[in-house]
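Contents: one structure, followed by commentary.
Ligands are counted one by one from 1 in listed order, and the atoms in each one are counted from 1 as well.
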Amino acid sequence: MRQDDLRNLKALEQKLLWLACWTVHNANHLRPKEAGDVKVGGHQASCASMVSIMTALYFHTLRPEDRVAVKPHASPVFHAMQYLMGNQTREKLENFRGFGGAQSYPSRTKDIDDVDFSTGSVGLGVAITAFASMTQDYLAAKPWAATRPRGRMISLAGDAELDEGNIYECLQEGWKHDLRNTWWIIDYNRQSLDGVVREGLWRRIEAIFGAFGWDVVRLKYGALQRAAFEEPGGVALRDWIDRCPNQLYSALTFQGGAAWRERLMSEIGDQGPATALLDRRSDDELSVLMNNLGGQCVETLTRAFDAIDHDRPTAFLAYTIKGWGTPLAGHKDNHSGLMTKAQMAEFQTRMGVAAGDEWEPLAAVEDPAALRAFLDKAPFFAQGTRRYSSPRIPTPGPVFLDEGVQSTQAGFGKILDRLARSKSALAERIVTTSPDVTVSTNLGSWVNRQGLFARDTRSDTFRDEHIPSTQKWQFSPQGQHIELGIAETNLFLLLGAAGLSHSLFGERLLPVGTVYDPFVARGLDALNYACYMDSRFIIVGTPSGVTLAPEGGAHQSVGAPLIGMSQDGLAAFEPAYLDELSVIMDWAFDYMQRDGEGDRDERTWLRDETGGAVYLRLSTRALEQPMRRDDAAFRQGVIDGAYWLREPGPNCEVVIAYQGVVAPEAIEAAGRIGGDRRDIGVLAVTSADRLNAGWEAAIRMRKRGHQSAASHIERLMAPLPAHCLLITVIDGHPATLSWLGSVKGHRAVPLGVEHFGQTGTVSDLYRHFGIDADAIVAAANELSDGRPIALRAIS
Ligand SMILES: Cc1ncc(C[n+]2csc(CCOP(=O)(O)OP(=O)(O)O)c2C)c(N)n1
Ligand SMILES: [Mg+2]
């Protein structure tokens with residue numbers, strides 16, 4: 001590297017250290033606070049250990065096609081860097097961690113400064129880079145995808161992040177998929193939140209990454225240290241460093257030059273070359289030397305990055321010092337430690353930043369013109385910010401099936417199969433994935449038609465050997481199904497990455513994942529993470545509820561509908577019938593491509609133009625299908641979340657509202673109650689999530705003075721007399737629908753499942769949990785006025 005480039009990088013590193021620490025200081029010590037405000041936080045120490053790595057990467061190594069997940073606590077460094085490049089405002093930095101300010105952890109959706117991947121829940125931001133790389137490879141194999149230079153998907157990870165199990169699930173999955181173009185740069189500061197990491201962790205890391213086919217590059221010593229090792233006595237110093245326990249190294253770092261000298265003299269002082277080596281340096285110089293680890297040396301870092309001339313996945317173990325260059329350096333309690341005002345004043349003097357110039361981008365830089373010129377030609381920033389878009393793929397309209405008795409899960413498989421046969425633009429963009437439940441969630445026929453994806457062609461041995469099988473497992477670059485191992489977190493991370501393809505790579509993908517519904521919870525944090533990044537995908541949870549009866553109690557999903565309701569960025573549906581499913585799937589393929597402004601729809605009070613991800617909770621229970629309905633009102637009702645399956649009369653005494661697969665129970669009960677109660681209504685709820693969201697939104701709008709705001713559910717329930725009893729029923733937690741009673745103040749009986757663990761037939765379990773027709777009739781009998789209703793089923 002040219003000497004003036006190195007000089008500029010070092011000046012920049014100091015600048016970023018200053019701006020990051022100042023941003024945190026300002027938020028904590030200077031910004032006006034209200035009584036009761038807690039500390040804002042901001043992690044100056046974690047920032048300090050990352051400045052050298054980020055300087056080297058962003059201003060030397062990266063190219064615009066590269067994508068980076070920056071570890072959560074390096075957020076102030078990231079924002080400072082973007083501030084220098086004109087992509088972040090001073091106002092937002094001054095308001096760091098405040099309302100509308102730069103985010104605590106880099107956020108794709110909330111920050112304005114070109115964040116590639118959000119981070120925050122440690123471990124997930126690391127693994128998403130591997131799945132982004134797989135997505136990039138998937139696109140590269142498709143003739144319709146524009147050829148772009150392939151980027152490196154890079155994670156800046158904390159060493160304690162490697163405690164997260166999802167990292168290892170990802171390593172294994174990556175190995176299976178021939179992962180490449182992925183770098184994980186580990187900030188090996190040997191500190192976590194609570195303390196110091198175990199000795200020798202690096203050996204485990206090397207062994208584990210090596211086992212999964214990764215190269216590991218250990219960056220332990222900086223250029224100053226390496227030069228010192230060449231001096232007479234240098235070998236003794238190097239041996240001492242290698243022997244030194246993490247705790248002691250940290251403690252001496254915190255104590256500074258004099259402490260280093262005393263310790264080193266007592267341990268390697270020889271009245272000869274080692275002593276002379278130490279004596280040639282002042283205390284400050286000795287401290288700088290001992291702090292010059294590989295990960296705090298831009299020269300070492302840039303060289304190591306430049307040396308990678310292959311696309312194998314690579315982990316860099318960059319030795320750093322938590323709190324590097326600040327008075328917090330090395331202290332085991334420094335994770336959320338902040339410089340005091342006095343320490344900051346001293347730090348400011350040392351950094352040479354004049355009072356009043358704190359936010360000046362290039363204040364205290366020796367040659368600001370040279371640095372500005374250097375920044376202006378940084379390749380990574382040369383094309384501006386890198387948010388791409390991709391045109392919407394039109395949806396063909398619902399694919400209706402003609403089935404007499406069928407389950408929604410089987411219907412889902414058939415609809416996908418029909419789409420595959422259509423060879424439409426939409427079908428071309430669909431990529432399916434499943435964590436080892438492809439066949440058992442009915443993706444089999446889609447996969448048989450579209451094939452499995454792999455970078456190289458792999459034949460199906462069973463087929464080659466002429467062994468009959470219903471599944472054709474042919475792998476090729478043209479394949480459209482990515483088969484995953486069982487780890488559900490990987491599923492959601494792949495959906496998360498593929499669902500950002502339009503934005504990351506400028507090519508639209510329509511990812512569809514399937515999983516057994518109870519295991520949505522296993523990947524929940526990754527699902528939440530994908531939604532937080534505004535990723536677009538369809539997740540199908542099937543089979544679900546206690547209806548998966550013989551599968552066993554451990555597999556029953558009870559709370560899943562509440563997950564669907566409460567997860568932001570995810571529209572959840574639970575259709576009962578195939579015509580509903582057809583309408584929902586067609587809508588979903590469009591909804592996941594929307595990116596409009598957030599004006600609310602005055603019909604539903606939902607903000608549908610913004611789009612989002614979709615969750616379909618399906619079932620293996622085959623239901624007798626009604627005569628197919630596809631009129632506009634039906635379609636609208638299904639998408640808005642509910643429609644009257646049986647319209648209530650003017651004197652309605654009982655309404656049964658159901659969601660999903662218990663439709664036959666609701667219908668049977670309505671028939672049995674109908675003789676003894678007047679004008680029974682049956683409300684088919686297809687999405688408690690959307691109904692509820694619209695209702696909440698309309699309430700908020702009325703509070704803000706928009707008196708006429710009325711949500712879909714309010715309009716549906718408007719004609720119901722006040723005395724009408726509302727019975728809700730779902731194969732899931734009863735709270736999913738119990739709120740319906742509050743819409744117009746009706747007395748409600750919520751039937752559903754609160755316990756799990758029983759095996760049995762569907763009717764055993766419906767009876768056991770009280771969600772069968774008898775339970776609905778009994779509720780009507782007990783709680784509505786009128787003559788007794790016959791409790792026995794009419795057979
Ligand atoms: C899933 C999750 N659990 C816990 C936390 C809280 N947390 C934030 S940072 C941190 C320790 C991070 O240590 P490391 O990755 O080594 O980074 P460093 O602070 O050393 O820079 C923890 C436990 C979190 N953000 N996410
Ligand atoms: Mg750490």
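The residues E267 and R263 are annotated as salt-bridged, a charged nitrogen and a carboxylate oxygen being separated by less than 4.0 angstrom. Salt bridge status for E173 with K176: present, with a side-chain N to carboxylate O gap under 4.0 Å. Taking the charged nitrogens against the carboxylate oxygens, K92 and D113 have no contact shorter than 4.0 Å, which rules out a salt bridge.
Every residue was checked against the side-chain hydrogen bond (donor to acceptor under 3.5 Å, both in side chains) condition with K15, not counting sequence neighbours, and none meets it.
Below the 2.8 Å limit, the Mg ion (ligand 2) has as protein N, O or S neighbours D159 OD1, N189 OD1, Q191 O.
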Please output the side-chain donor-acceptor pairs of residues 195-211 that fall under 3.5 Å, not counting sequence neighbours, one pair per line with the distance.
unit_1, atom_1, unit_2, atom_2, d
E199, OE1, N246, N, 3.3
E199, OE2, N246, N, 2.8
E206, OE2, R218, NE, 3.4

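Taking each heavy atom of D114 and R387 in turn, the nearest pair found is OD1-N, 4.2 Å.
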- Begin with the C-alpha distance, continue with both residues' side-chain angles, and end with the deciding distance and a verdict on side-chain hydrogen bond (donor to acceptor under 3.5 Å, both in side chains) for T109 and D534. CA-CA 7 Å; T109 47; D534 196 23; over 6 Å; no
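Aromatic pair W183/F316: centroids less than 6.0 angstrom apart.
Sorted by chain and number, the heavy-atom contacts of ligand 1 below 4.0 Å come from S46, K71, H73, G120, S121, V122, G158, D159, A160, E161, E164, D187, N189, Q191, S192, L193, K322, H335.
Judged by a 6.0 Å distance limit and a 45° cone about the ring axis, R386 is not positioned over the six-membered ring of F381.
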